[in-house]
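A short worksheet on the structure shown next.
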Amino acid sequence: MADLPRGRFIAIEGIDGSGTTSQTRALGQWLGQRGHAVLETREPSRGAIGTLIRQRLSVAAAPLEPAALALLFAADRLDHIASEVEPALAAGSVVLSDRYVLSSLAYQALDCDAAWVREINARAPRPDLTLLIAVPVEVAFARVQRRMVDEGGVEERFDALALQRRIAGHYEQFCGDPALGPVHIVDGDQPPERVTAALMQALIALGL
Ligand code: TMP
């Protein structure tokens, strides 16, 4: 039997409240309707290391030492790639990851040296494309606050406005890093369907 063509690996990125999770879902549905096999996944992953990270991100839990947290994110990533992403790509699927290496640069560089964060992530394969949803910090922050009230979400460690401002600055600073591969920035401060349409255009340009 002929080998299946290798799939495509797409990362979806942005500050908290930028809509990465709902847009990943919308793109997954659309790609499925276009006849692609799709794996919708996320980081922190659903695996053992990702589950541990999520527990410790809650403000109710004791904080992890920042460098230890950065190493856990990098370890979760390699485990996620080996256990879920690579097999799906080998089977020809389009893999959509809600967050990937750019998240580590944007968030872990709050407390750790960015060059070191890049180094511990050097073994993570480059996505074919990273989609960065850019939303003004105040808009994204208001969305997160609303979600906490409406859905009773868990407050996480990086949720404070001042931190989100610094994280947004890091996204701007690091999105041109050649180690990440191509990054396409989409304006996320518009109705969700228009954001989805702009993201779809980027995937169409990639041949999907
Ligand atoms: P989520 O809220 O998008 O599910 O992500 C959980 C939090 O983890 C979010 O605040 C971003 C943060 N994060 C990092 O700090 N580093 C990383 O490498 C990843 C993947 C997420």
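Excluded from the calculations below are hydrogen atoms, water molecules and symmetry mates; all remaining heavy atoms, backbone and side chain alike, are included. One-based numbering, in listed order, for ligands and for the atoms of each. For this chain, numbers begin at 1 and follow the sequence in order.
Residue contacts with ligand 1 for Glu43 involve both N, CA, C or O and side-chain atoms from C-beta outward (heavy atoms, distance under 4.0 Å).
Within the 4.5 Å cutoff, side-chain heavy atoms of His170 are placed close to those of Leu110. Looking only at side-chain heavy atoms (C-beta outward), Leu57 and Phe158 come within less than 4.5 Å of each other. Inter-residue side-chain proximity for Pro66 and Gln108 is flagged as unmet; no heavy-atom pair is nearer than 4.5 Å.
The residue from Leu69, Ile12, Asp16, Ile53 that puts a heavy atom closest to atom 9 (C) of ligand 1 is Asp16. Comparing heavy-atom distances from atom 15 (O) of ligand 1 across Arg77, Gln108, Arg42 singles out Gln108 as nearest.
Residue contacts with ligand 1 do not include Thr20, since none of its heavy atoms lies under 4.0 Å from the ligand.
Of the inter-residue distances, the one linking Leu203 atom CG with Thr196 atom OG1 reads 11.0 Å to the nearest 0.5 angstrom.
Near Tyr107, meaning under 4.0 Å from one of its heavy atoms, ligand 1 places the atoms 10 (O), 11 (C), 14 (C), 15 (O). Near Ser104, meaning under 4.0 Å from one of its heavy atoms, ligand 1 places the atoms 17 (C), 18 (O). Near Phe158, with a cut-off below 4.0 Å to any heavy atom, the atoms of ligand 1 are 10 (O), 15 (O). Distances below 4.0 Å separate heavy atoms of Leu57 from the following atoms of ligand 1: 6 (C), 7 (C), 8 (O).
The aromatic ring centroids of Phe9 and Tyr100 lie less than 6.0 Å from each other.
Judged by distance alone, with hydrogens and angles left aside, the side-chain atoms of Arg99 form a donor-acceptor pair with the main-chain N or O of Gly14 at under 3.5 Å.
Under the 3.5 Å distance criterion, with hydrogens and angles disregarded, no donor-acceptor pair is assigned to the side chains of Thr20 and Glu13.
At the top of the distance list for atom 19 (C) of ligand 1, counting protein heavy atoms only, stands Phe73 CE2, 3.4 Å. Among all protein heavy atoms, the one lying closest to atom 6 (C) of ligand 1 is Glu156 OE1, 3.5 Å. Scanning all protein heavy atoms for the shortest distance to atom 1 (P) of ligand 1 gives Arg99 NE, 3.7 Å.
Leu132 is not connected to Ile10 by any chain of hydrophobic side-chain contacts under 4.5 Å among Ile, Leu, Val, Met, Phe, Trp and Tyr, and they are in different clusters.
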